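First the structure, in the form of structure tokens, and then the observations on it.
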Amino acid sequence: MGDSSGSVSIDVERIYFGGKEHPVRTRYGSVSVSVYGDEDKPALITYPDVALNYMSCFQGLFFCPEAASLLLHNFCIYHITPQGHELGAAPIPSNEPELSVDKLADQVADVLDFFGLGSVMCLGVTAGAYVLTLFATKYRERVLGLMLVSPLCKAPSWSEWLYNKVLLNLLYYCGTSGLVNECLLQRYFSSEVRGSGQEPESEIVQACRSLLDQRQGVNVCRFLKAINERHDLTEALKKLQCRTLIFVGENSQFHADAVHMTTKLDRRYCALVEVQACGSLVTEEQPHAMLIPMEYFLMGYGLYRPSPLDSSPRSTLNPFCISPELLSPESMGVKLKPIKTRTSLNV
């Protein structure tokens, strides 16, 4: 499998399924980290949304050949899976201490220490985007850039808080099945791919539903409860200096949060890409819409998709070692206002 633009061919399936899973003990319990690629390359940390793991949250993006050639060529990928969200995970014991969002962010720092990583690039989706943004505000020197998909940044509204409380009760008593799964699928996907009475649901929704059926309800409860008790990051965002690329689906439940976040970040370092006819989980529903913005964003760090003339895939990933012109907003290839990318639903 390779990209279609004359770049070096990358066997995405071989690389993506050839990773190694590491149990990492942190200050607040163990997490699973799956590592893909050459560990001498710069690090890209990923963090999924509630009830998902890296396979159900990022597989669509990494199976998009052009995106895979860009990311796997330039980075070693470290997929962090929240505790109890691994495939085949057993229920977390009831006497295990609950985690706050601050402890989840501290776990990310512990993962970096475990692998001996310094400054990293981050890619997170919704709840995972919140955790990585919080991590960036607490450990600014350890984050070079953020790529966020339908991110959360404010404390939950009363309606969201109440909705999640009902969902937490359903998860606790019923597990991930029936109504709970429908609520989660509405969180992730637009109505176009969820289907209706006349239209069947898409394959990506069917695959996600199958994975949710295997999830332990009590484990999902822990992550969702932490996210439902999150605090507002608005003031902290104003001090964040790393460059940030935000994607949000036009039909995402968290569209307003993404727009709000963009207005609070330094406009010199932030851009928003709105993907039309898409829900929150852009990485699965329309991953191809992420390619061009990511490519221009990473150019600011001197990172490119491979070409036949490339002699080495390694890069220092240090934006302060590149020319000043590449640090300008224009170098990201996007203007500092919402950009709509329209893609055909038949693709």
Side-chain angles (χ1 to χ4, degrees), residues 32 47-60 81-94 96 98-99 101 104 124-131 149-150 152 156-230 249-255 257 277-287 345:
S32 174
Y47 209 110
D49 192 18
V50 168
L52 301 177
N53 57 31
Y54 74 95
M55 289 297 291
S56 49
C57 195
F58 299 105
Q59 180 173 274
T81 297
Q83 188 179 19
H85 284 55
E86 311 90 344
L87 287 174
I92 298 173
S94 57
E96 188 86 10
E98 293 183 347
L99 298 180
V101 287
L104 292 174
V125 176
T126 311
Y130 178 92
V131 172
V149 180
S150 303
L152 304 172
S157 63
W158 278 107
S159 58
E160 184 194 344
W161 182 87
L162 184 59
Y163 181 87
N164 285 340
K165 290 293 284 185
V166 173
L167 193 56
L168 284 165
N169 284 325
L170 288 171
L171 278 165
Y172 184 81
Y173 290 108
C174 306
T176 51
S177 61
L179 179 60
V180 173
N181 281 3
E182 293 304 323
C183 292
L184 290 171
L185 292 172
Q186 287 180 25
R187 174 189 178 95
Y188 308 144
F189 299 109
S190 66
S191 57
E192 285 86 352
V193 295
R194 292 202 315 273
S196 61
Q198 292 74 33
E199 297 290 333
E201 63 184 19
S202 71
E203 290 183 1
I204 59 170
V205 176
Q206 293 174 19
C208 188
R209 184 188 297 278
S210 176
L211 288 167
L212 289 176
D213 286 338
Q214 303 170 33
R215 204 63 78 238
Q216 298 287 346
V218 292
N219 298 356
V220 178
C221 273
R222 287 169 56 87
F223 190 14
L224 181 58
K225 185 175 181 181
I227 293 299
N228 205 37
E229 296 173 356
R230 68 185 185 270
E250 180 185 39
N251 301 322
S252 170
Q253 299 176 11
F254 312 106
H255 185 279
D257 255 63
C278 188
S280 298
L281 200 55
V282 183
T283 51
E284 291 294 312
E285 190 169 343
Q286 292 197 38
L345 295 178

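What you see is a predicted model, and the numbers here were worked out from it, not measured in a lab. Position 1 is the first residue of the sequence, and the numbers go up from there.
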- Distance in Å, Y188 OH paired with L281 CG, rounded so as to fall on 0.5 Å steps: 8.0 Å
- Apply side-chain contact (heavy atoms from CB on, under 4.5 Å) to S157 and list each qualifying residue two or more places apart in sequence or on a separate chain. S159, E160
- Message: The criterion is salt bridge (Lys or Arg N to Asp or Glu O under 4.0 Å); which residues satisfy it with E98, sequence neighbours excluded?
- Response: K225
- Could you please spell out the steps behind the side chain to side chain contact (heavy atoms under 4.5 Å, CB included) verdict for L185 and L212? CA-CA 9 Å; L185 292 172; L212 289 176; 4.1 Å; yes
- Task: Quick one: pull up CZ in F223 and CG in L104 and give me the separation to the nearest 0.5 Å.
- Result: 6.0 Å
- Message: I'd like to check D49 versus V149 (side-chain heavy atoms, cut-off strictly below 4.5 Å). Are they in contact?
- Response: no
- Whether T283 side chain and F58 backbone form a donor-acceptor pair below 3.5 Å: no
- Task: Report the residues that fulfil side-chain contact (heavy atoms from CB on, under 4.5 Å) with I204, sequence neighbours left out, ordered by chain and then residue number.
- Result: F189, S202, E285
- side-chain contact (heavy atoms from CB on, under 4.5 Å) filter on I92, not counting sequence neighbours, yields Q83, E96, N219, R222
- Message: N228: which residues meet the side chain to side chain donor-acceptor pair (under 3.5 Å) condition with it, sequence neighbours left out?
- Response: N164
- Message: Can you list everything that forms a side chain to side chain donor-acceptor pair (under 3.5 Å) with Q216? Sequence neighbours excluded, please.
- Response: none
- Item | Which residues share a side chain to side chain donor-acceptor pair (under 3.5 Å) with N169, sequence neighbours left out | none
- Going by the ring-ring contact (aromatic ring centres under 6.0 Å, His included) test, which pairs reach into residues 161-183, not counting sequence neighbours? W158-W161
- Message: Using modelled atom types and a 3.5 Å cut-off, is there a donor and acceptor pairing between side-chain atoms of T126 and backbone atoms of S150?
- Response: yes
- Under 4.5 Å between any side-chain heavy atoms of C221 and L168, yes or no? yes
- Query: What pairs with S280 under side chain to side chain donor-acceptor pair (under 3.5 Å), at least two apart in sequence or on another chain?
  - Reply: S252
- Query: Roughly how far, to the nearest 0.5 Å, is the OG atom of S177 from the CG atom of L171?
  - Reply: 9.0 Å
- Query: How many angstroms lie between CD in E284 and SG in C278, if you round to the nearest 0.5 Å?
  - Reply: 10.5 Å
- Item | Taking every non-hydrogen atom, the tightest pair across P82 and P48 | CD-CG, 3.6 Å
- Exam field: side chain H255 to backbone E250, donor-acceptor pair closer than 3.5 Å: no
- Query: For the side chain of Q286 and the backbone of G249, is there at least one donor-acceptor N/O pair under 3.5 Å apart?
  - Reply: no
- Message: Test: salt bridge (Lys or Arg N to Asp or Glu O under 4.0 Å). Region: residues 162-173. Which pairs qualify, not counting sequence neighbours?
- Response: none
- Item | Nearest heavy atoms of V218 and P91, plus distance in Å | CG2-CB, 3.8 Å
- So do the side chains of L87 and Q214 get within less than 4.5 Å of each other, counting heavy atoms only? yes
- Separation of R187 CZ from L52 CG (nearest 0.5 Å): 8.5 Å
- Apply salt bridge (Lys or Arg N to Asp or Glu O under 4.0 Å) to D257 and list each qualifying residue two or more places apart in sequence or on a separate chain. none
- Task: Classify the side-chain pair D213/S210 by whether it contains a donor and acceptor separated by less than 3.5 Å.
- Result: no
- Query: If you look at every heavy atom in A51 and V220, which pair is closest and at what distance?
  - Reply: CB-CG1, 3.8 Å
- Item | Spacing of CG belonging to L211 relative to CD belonging to Q59, to within rounding of 0.5 Å | 8.5 Å
- Task: Would you indicate whether the side-chain heavy atoms of R209 and E182 approach each other to under 4.5 Å?
- Result: yes
- Message: Test your reading of the model: is there a side-chain donor-acceptor pair from N251 to the backbone of G279, 3.5 Å cut-off?
- Response: no
- Message: Is any side-chain heavy atom of C57 closer than 4.5 Å to one of Y47?
- Response: no
- Flag, side chain of R215 to backbone of T176, donor-acceptor distance under 3.5 Å: no
- Would you please name every residue forming a side-chain contact (heavy atoms from CB on, under 4.5 Å) with Q206, sequence neighbours left out? E201
- Query: Do N53 side-chain atoms and H85 backbone N/O form a donor-acceptor pair below 3.5 Å?
  - Reply: yes
